[in-house]
Amino acid sequence: MVNLRINNKSVSALEGATILEAAKQNNIHIPNLCYLEGVHKFGSCRLCVVEVEGAKSLQPSCMVTVREGMVVKTNTEKVRKARKVLYELILSDHPKDCLNCERNQSCELQEMGNMLGVSEARFEGKRSAGCIDKSPSITRDMSKCILCRRCITVCNEIQQVGILNAQNRGFKTVVGPAMDLPINSVNCAYCGQCTVVCPVGALKETDAIQDVWQAINDPNKRVVVQVAPAIRAAIGEEFGLEPGTLVTGKLASALRELGFDDVFDTNFTADLTIMEEGTEFLTRVKNVLTGGQAALPMITSCSPGWIKYVEHAYPEELDHLSTCKSPHTMLGALAKSYYADKIEVDPKDMYVVSIMPCTAKKFEISRPEMQNNGVPNVDAVLTTRELAKMIKEAGIDFVNLEDSKFDNPLGLSSGAADIFGVTGGVMEAALRTVYEVVTGRELPFDKLHVTPIVGLEQIKTADVIIENPVEAYKFLDGVTVKVAVTSGLAGAKILLDQIAKGESPYHFIEVMGCPGGCISGGGQPRPTTPEIRQKRLQAIYKEDEGKQLRKSHENEDVMKLYAEFLKEPNGHKSHELLHTYYTQ
Ligand code: HC0
């Protein structure tokens, strides 16, 4: 520990901490804008300046490491004046259109002005040129960018995709892809992590709210909505609830109040995915172990940012991807076939909306692979943040809503489906089913977690030893199935490099495009700090543990779907509706 004085108070801080972090550890708040908890600091906004005894000038507290005996003052007149001037300089190149900005009242710049007591903007001058760049997933409005560079940090250091960088110099500096290319023409994975950390309205999801209102208001449309696993553990934050508050029942009620005709659960098709993906995995392993050909490791394919990343960065490894579509596109495909038949609605008159924690899902639904007979499986994707806006716009008192359930036949789900929302969850769900199918032995209810793959570490691995399998899986007797899990594209890169070199020891890999999985997707409530991520993770596991039904193959409505419609996992109908191939 390092001992120092902050504001005449003796405090201690962890070795290597910055002054900003030391202050935080001791409950002293220093205003800051560009700082990003848990990652590299950039020191661009300078709003966190403090006085350090012996230093000639004010110091950016996010950049200076604490030293033994250091004396720091965070709230002197000199410091406060400097912060105001620095803030006004940022404002001098900002449109200040707060009233019609989508970040109004959730803007960190606006909040900072309030906190600093800034009541004027004295430095009006020439404004740098802005541009609006719209892709299917992300919209950039560079007139609002304050050059804090948080997005650059997540894009380059956390995700290691390297799309966003500071282009040009001085007054002409703009954050964006090289050569001012539009974002839809570069190798952006659309993970949207940049939109989560943007403090202002410069980076956001591409809005689908008006399209969805229009569909709801169209009397000729049957509007079906579905909710991703991770929404229920996060959307409460948009209504002032504590991070980690589960709001599954309120969510279903809110969607009904908004006017959706059918309120389904993506979790239903998460269970279905386990049946399809588990079967596909066993088929591939059998092929390899019996002298045939199949690409192993097989890698999960439900995270569209991850798919886009492999397509751009490792196109020669595409055959490792499971052929399963993602659960929400599976649900869309079933809504417009199985369910549309049941209620006698023409699929063309059905409009499917997915509520997703993910910006890449907006792009995913536009892919030709996600259509059947020329009809898109899903018509619109709303992020968690967009859905919260619609609920607010409709004047729904979300916090006091009564709980209700999802509709059938696409609404029942197991705890295995819940954990899809967190890194390691898809793999654990798959192992719960694959193990029981292969061995014919039931896993004890209180021993369902595969603990080595639970948690927020970048790469997690587990070995599953198969002993005494049932007759149909004798080829697996004595085999140690090696699995790996990663979340975030930097981890994916490590595992893909192993595959590319022929050095991957794994049979099955789960990859989610965002660090932590969908709980910290690009469309989730801001902020997503390490602490909030942990609370959402705990909520997801609580949802699973609170259910009696915790294994996908025990979902009776999924079994009914096979009996009535699909017939068998990986069968003809499944291939037609639920699977696809990604090609170079
Ligand atoms: Fe996910 Fe999904 S779990 S990708 O992380 O598989 O976005 O929550 O909806 O589709 O189910 C996101 C979350 C989903 C899908 C599911 C998968």
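Indexing begins at 1, ligand by ligand and atom by atom, following the structure's order.
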Geometric class of the Y338/F565 ring pair [parallel <30°, tilted 30-60°, perpendicular >60°]: tilted
Aromatic plane relationship, Y541 with H449 - under 30° parallel, 30 to 60° tilted, over 60° perpendicular: perpendicular
N/O separation below 3.5 Å, A230 to ligand 1: yes
Numbered atoms of ligand 1 (with element) below 4.0 Å of [X], judged on heavy atoms:
{"X": "M512", "result": "5 (O)"}
{"X": "P327", "result": "6 (O), 10 (O), 11 (O), 15 (C), 16 (C), 17 (C)"}
{"X": "S326", "result": "10 (O)"}
{"X": "P229", "result": "3 (S), 8 (O), 9 (O), 11 (O), 13 (C), 14 (C), 16 (C)"}
{"X": "A270", "result": "11 (O)"}
{"X": "C302", "result": "4 (S), 6 (O), 17 (C)"}
{"X": "C358", "result": "7 (O)"}

Salt bridge (charged side-chain N to carboxylate O under 4.0 Å, His left out) partner of E238, the single match among R526, R385, K389, K392: K392
F445 six-ring centre to K551 NZ/CZ under 6.0 Å and within 45° of normal: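 No, K551 does not lie over the aromatic ring of F445.
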Cation-pi check, K362 onto Y190 ring (under 6.0 Å, within 45° of axis): no
Residue-ligand contact G521/ligand 1, heavy atom below 4.0 Å: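 G521: no contact with ligand 1 (<4.0 Å).
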Side chain, backbone, both or neither: the part of H328 lying under 4.0 Å from ligand 1 by heavy atom: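 The part of H328 near ligand 1 is both the backbone and the side chain.
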Report the nearest protein non-hydrogen atom to [atom]: residue, atom name, distance rounded to 0.1 Å.
{"atom": "atom 9 (O) of ligand 1", "value": "A228 CB, 3.0 Å"}
{"atom": "atom 4 (S) of ligand 1", "value": "K361 NZ, 3.3 Å"}
{"atom": "atom 3 (S) of ligand 1", "value": "F420 O, 3.3 Å"}

Worked check of side chain to side chain contact (heavy atoms under 4.5 Å, CB included) between F268 and Q226: CA-CA 10 Å; F268 172 83; Q226 58 171 316; over 6 Å; no
CG-NZ distance between N377 and K336, expressed to the nearest 0.5 angstrom: 7.0 Å
Sole candidate of V223, D407, V224 that passes side chain to side chain contact (heavy atoms under 4.5 Å, CB included) when paired with F260: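 Testing F260 for a side chain to side chain contact (heavy atoms under 4.5 Å, CB included) against V223, D407, V224 leaves exactly one candidate, V223.
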Candidate list M512, E457, K460, test side chain to side chain contact (heavy atoms under 4.5 Å, CB included), partner T423, passing option: K460
Metal site atom 1 (Fe) of ligand 1: N/O/S of C518 inside 2.8 Å: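 Yes, since at least one N, O or S atom of C518 sits under 2.8 Å from atom 1 (Fe) of ligand 1.
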